[in-house]
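Inspection log for the structure reproduced underneath, given as structure tokens.
In the text below, chain A, chain B and the rest are named by the order of the sequence lines, each starting its count at 1.
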2 protein chains.
Amino acid sequence: MPAKAAKAAAPTPADTLYFQLFNEIGIIAQLSGNRFQKVLPHELTVAQFSLLNHMVRLGDGWTPARLAAAFQVTKGTMTNTLQKLESKGFIRVDPDTDDARSKRVFLTPPGQSARDAAMKALTPELSTLPEGFPPALAAEILPALERLRIWLDANR
Amino acid sequence: MPAKAAKAAAPTPADTLYFQLFNEIGIIAQLSGNRFQKVLPHELTVAQFSLLNHMVRLGDGWTPARLAAAFQVTKGTMTNTLQKLESKGFIRVDPDTDDARSKRVFLTPPGQSARDAAMKALTPELSTLPEGFPPALAAEILPALERLRIWLDANR
DNA sequence: ACCTTATAGTTTGACGTCGAACTATCGTCA
DNA sequence: TGACGATAGTTCGACGTCAAACTATAAGGT
């Protein structure tokens, strides 16, 4: 029996490191999301904007299920967000002619405009960031974060 | 007038970089929080566990306002979480004898046990992580994340 | 053809979170 | 001493999120 036994399940240094990592990431997500929220126009939430932006960047016509997978949220969550956007007239949700279970999500012209306006509102928010956090640093840690995200996604 | 004018407010490469960064961070926060949630005992949420853990690591007797500041949440949010923990008997909230506006939050023995049990449940969850994401990588990006968190906190 | 299993989407109830409005107390300054 | 601005905490309504239960359609297998 080891000299300093007892206490069970003392976290290893690696564990402590990971805890710190997830803790920092959690707080950054909270602070940045909050900050973006405040400047978004049209009563858009971050979730709603992300969806609009996704459709502009990667094209529309996706099914809700595929969108849910892309954003790593449950189908129920996606249903909710899509309903909000549809009620604002920013997207259109059509039945899928090939598969009666599915639907297809399309961006409307007002949705396109709202996304552009949101983009414009967000850019100034980023303009002062380089002072405290240079783009080079962002570029430096991004690959590691991607790797972590991919691992978490694959092993769950 | 530039040849390819129009389109207004095209994001700079740096902006795109930052967007990616916050996007990855958001998804990691979501995935990791979700994952922790699933294994936590005693119906503990991540927010509740974080609070208990904080009291073990940094001591109890803090005021709700100070806790709210430490966790970067609003006072209302902290009120809510404290009420949940108190109803479970994991903390005790006493009036502050020096300042009638304030309260003081203390960890109870059951709260201590719950925190230990949660810690024990969380550790195995971290055990497979080093395969895909070595601790050295975590250590490498942690300082940058801290810097970002601190900047966001200071400039809001 | 049927029966079974998988997939798409919705609904419900709970939680954390926010901002805003509100009450109570403290501290300062005239 | 008294008024006023700052601070502590609560409440309310809204949102995104989750898990779980449910309906409907699709796809395979025997």
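Partners of A:N53 under the side-chain contact (heavy atoms from CB on, under 4.5 Å) rule, at least two apart in sequence or in another chain, are A:F49, A:R57, A:R115, A:M119. Residues forming a side-chain hydrogen bond (donor to acceptor under 3.5 Å, both in side chains) with A:E86 (at least two apart in sequence, or on another chain): none. In this structure B:A117 satisfies the side-chain contact (heavy atoms from CB on, under 4.5 Å) test together with B:P41, B:H42, sequence neighbours excluded. With sequence neighbours left out, B:Q20 forms a side-chain contact (heavy atoms from CB on, under 4.5 Å) with A:L142, B:T16, B:L17.
Listed by residue number, the members of residues 78-91 of chain B with any heavy atom below 4.0 angstrom from DNA chain C are B:N80, B:T81, B:K84. For the segment residues 40-47 of chain B, residues with any heavy atom less than 4.0 angstrom from an atom of DNA chain C are, sorted by number, B:T45, B:A47.
Taking 4.0 Å as the cutoff to heavy atoms of chain B, we find the contact window on DNA chain D bounded by D:dA6 to D:dA19.
Sequence neighbours left out, the pairs with a member in residues 90-99 of chain A that pass salt bridge (charged side-chain N to carboxylate O under 4.0 Å, His left out) are A:R92-A:D94, A:D96-A:R104, A:D99-A:R101. The ring pair (Phe, Tyr, Trp, His ring centres under 6.0 Å) contacts involving residues 105-139 of chain B comprise nothing, where partners must be two or more places apart or lie in separate chains.
Taking the six-membered ring for Trp and thresholds of 30 and 60 degrees, B:F22 and A:F36 have ring planes more than 60 degrees apart, a perpendicular arrangement.
Each of A:L82, A:L107, A:T45 was scored for a side chain to side chain contact (heavy atoms under 4.5 Å, CB included) with A:L51, with one residue passing: A:L82.
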Can you check nucleotides 19-23 of chain C for protein contacts, nitrogen or oxygen pairs under 3.5 Å, and list what you find?
from   : atom 1 : to    : atom 2 : distance (Å)
C:dG19 : OP1    : A:N34 : OD1    : 3.2

Tabulate protein N/O versus nucleotide N/O from nucleotides 25-28 of chain C, keeping only pairs under 3.5 Å, one per line.
from   : atom 1 : to     : atom 2 : distance (Å)
C:dC26 : OP1    : B:A100 : N      : 3.2
C:dC26 : O4'    : B:R101 : NE     : 3.4

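Recorded end-axis angle for the helix from C:dA1-D:dT30 to C:dA30-D:dT1 stands at 10°, based on five pairs per end and rounded to 10 degrees.
Across all strands shown, A:Q37 has no heavy atoms under 4.0 Å from either base or sugar-phosphate atoms.
Residues A:S102 and B:V73 both approach DNA chain C. Their nearest nucleotides, taken by heavy-atom distance, put A:S102 toward the 5′ side.
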